[in-house]
Number of protein chains: 2
Amino acid sequence: MADINVSTLSARLSQAKASSPEGPAYDLIELLFFAYRDFIGDADEILSRIGFGRAHHRVLHFVHRHPGMRVADLLDVLKITKQSLGRVLRELIDNGYVVQRAGPADRRQRLLYTTAKGETLALELALLQTRRFARALNECGEGARAEACRFLFAMIEPSARAEVEALMARADQRTKGRPR
Amino acid sequence: MADINVSTLSARLSQAKASSPEGPAYDLIELLFFAYRDFIGDADEILSRIGFGRAHHRVLHFVHRHPGMRVADLLDVLKITKQSLGRVLRELIDNGYVVQRAGPADRRQRLLYTTAKGETLALELALLQTRRFARALNECGEGARAEACRFLFAMIEPSARAEVEALMARADQRTKGRPR
DNA sequence: AGAAATACGTCAATATGGCTGACATAAACG
DNA sequence: CGTTTATGTCAGCCATATTGACGTATTTCT
C-alpha cells in the first residue's frame with residue numbers, strides 16, 4: 001500500500017493552504033482538475049478506439065442507467081439541444097449500441113434502450129472508472145467511501161441536489177426491477 | 001446547517017451500492033460528474049460574460065500560478081498543441097489580461113505574466129470556486145479538507161502524481177517569493 | 001563562422017460537439 | 001377537427017481542438 005506516500009503528501013498539501021484562511025484554495029482547485037482529467041481519461045481511451053467521444057459516453061451511460069428513457073428526458077438531463085443529441089444518438093443507434101422503441105401508451109415517444117452490445121460497453125466503461133475509485137478509496141482507508149460521497153454531493157449546486165438525488169434513486173429502482 | 005439533509009442522503013447513497021461489492025460504483029461516478037459540472041459552472045458564467053471560454057480560464061490560471069512560464073511549459077501542462085493555444089493566448093494578450101516578455105537569458109523565450117487586470121480576473125474565478133469548496137467542506141465537518149485532498153490526489157493517475165505535486169509545489173514557492 | 005537545434009508564431013485544412021432557427025410528421029388531446 | 005406534444009431533420013454558425021507545413025529569430029554545437 002502506498003499509504004505513506006499519499007498521506008504525507010496530502011498532509012503537506014492541505015497544510016500549505018489551510019494556513020491562509022482567506023486565500024484561494026489552489027490545492028483543491030488543481031487537485032479536482034487533475035482528478036477529473038484522469039477520471040474521464042480512462043473512458044476516453046476506450047471510446048476513441050471505436051470512434052466515439054464523451055458525448056456518446058454520456059448518452060450511453062444515461063440510457064444504460066435509465067432503460068426506457070424518453071428523448072426529452074435525456075435532453076433534460078444532459079442539458080443540450082435535440083439537434084446536438086441527434087447526431088450522437090444516431091451514431092449510437094446506427095452502430096447497434098442503442099435501440100428505440102415506440103412507447104406502449106404514447107406511440108409518439110421513442111423510448112431508448114441499450115442493446116446487449118451497448119450494455120457491454122457501458123459496463124466496461126463504468127467498471128474502469130469504478131476501479132479508479134476503488135484504488136483511490138483503498139489508499140484513503142476506512143470510511144473514505146462515505147466521506148467521498150458526502151463531499152461530492154456537497155459540491156453540487158444546492159438547487160440541483162434534489163434533481164440529482166431523484167435521478168439516482170430512480171436509476172437504482174429500475175436496475176433492481178429489471179435484472180436483465 | 002444542512003447536516004441532517006446531507007448526511008442522511010449520502011448514507012443512503014453509499015449504502016445503496018456498497019452492498020454490491022463487485023458492481024459499478026454508479027453513485028460515485030455520477031456524483032463526481034455533477035460535482036465537477038457545477039464546479040466549472042461557477043467560472044463559466046463569469047467567463048462567458050466577457051466572451052471567454054474554459055480554454056482562456058485554463059491558460060489564465062496557470063500563467064497566474066506560474067508567473068514567467070514559458071509557452072512550451074504551458075503546452076506541456078495543458079497537453080494541447082501550440083496551434084490551439086495560439087488563438088486563446090492571443091485573445092488574452094489582445095484584451096490585456098496577459099503579457100509576454102522576452103526571457104532575460106534566452107531571448108527566444110516569451111515568458112508569460114498576468115497583468116493587474118488578469119490577476120484580478122484569475123483571483124475572482126479562483127475565489128468563486130474556493131467558496132464552493134468552503135461551503136461543501138463546512139457541510140462535511142472536521143477534517144474534511146484533508147480527507148478531500150487525500151481522496152482527490154489518490155484519484156490522479158499514479159504516473160502523473162509526481163508531476164502534479166512538483167507543479168503545485170513550484171507554484172506555492174513562487175507565490176510566496178512574490179508577495180505582489 | 002557556419003550548421004543544426006530550439007522557441008515560438010502562423011497559415012490552412014479538418015474534426016468534434018455544442019448552438020439557433022425553421023420546418024416536418026405523427027400521434028394524442030380537447 | 002384543430003391544437004399541442006414528442007420527435008426528427010435541414011442549414012448554418014461558433015468554440016476548441018487536431019495535424020502538417022513553413023517562417024523566423026536565437027542559441028548551441030562543431
- Task: Would you tell me if any nitrogen or oxygen in the side chain of S84(A) comes within less than 4.0 Å of OP1 or OP2 on dC19(C)?
- Result: yes
Here the gap from R161(A) atom CZ to L31(B) atom CG, rounded to the nearest 0.5 Å, amounts to 11.0 Å
Original post:
Would a distance-only check, ignoring hydrogens and angles, find a side-chain to backbone donor-acceptor pair under 3.5 Å from T130(B) to A25(A)?
Top reply: yes
Residues in residues 75-83 of chain B with a heavy atom under 4.0 Å of DNA chain D, by number, are K79(B), I80(B), T81(B), Q83(B)
For residues 95-105 of chain B, the side-chain hydrogen bond (donor to acceptor under 3.5 Å, both in side chains) pairs (sequence neighbours left out) are none
Chain A reaches DNA chain D, atoms under 4.0 Å from its heavy atoms, from dT5(D) to dC10(D)
Could you give the side-chain donor-acceptor pairs of residues 68-78 of chain B under 3.5 Å, partners two or more places apart or in another chain?
unit_1	atom_1	unit_2	atom_2	d
R70(B)	NE	D73(B)	OD2	3.4
R70(B)	NH2	D73(B)	OD1	3.0

Can a salt bridge be assigned to the pair R145(B) and D27(A) using a cut-off of 4.0 Å between side-chain N and carboxylate O? yes
### Task
Assess the pair Y26(A) and H64(B): is the distance between their ring centroids shorter than 6.0 Å?
yes
**Q.** Mutual orientation of the aromatic rings belonging to F62(B) and F34(A) [parallel < 30°, tilted 30-60°, perpendicular > 60°]
**A.** tilted
task: Classify the nucleic acid contact of G53(A) as base, sugar-phosphate or nothing, counting any heavy atom under 4.0 Å across all strands shown.
output: sugar-phosphate
May I ask you to decide if M155(A)'s main-chain N or O and R132(B)'s side chain share a donor-acceptor pair within less than 3.5 Å?
yes
When you measure from the side chain of S84(A) to the backbone of I80(A), do you find a donor-acceptor pair of N or O atoms at a distance under 3.5 Å? no
message: Quick test of your reading of the model: are R135(A) and E139(A) salt-bridged, counting only N-O distances below 4.0 Å?
response: yes
Basic-acidic side-chain contact under 4.0 Å: R65(B), E30(A)
yes
Contact check, residues 87-97 of chain A vs DNA chain D, heavy-atom distance under 4.0 Å, returns none
Where do N or O atoms of nucleotides 25-30 of chain C meet protein N or O atoms at under 3.5 Å, pair by pair?
unit_1	atom_1	unit_2	atom_2	d
dA28(C)	OP1	R107(A)	N	3.1

Between F39(A) and F133(A) (judged by ring centroids, cut-off 6.0 Å), do the two rings come close enough to count as a pair? yes
Any donor-acceptor N/O pair, D42(A) side chain to Q129(A) backbone, under 3.5 Å: no
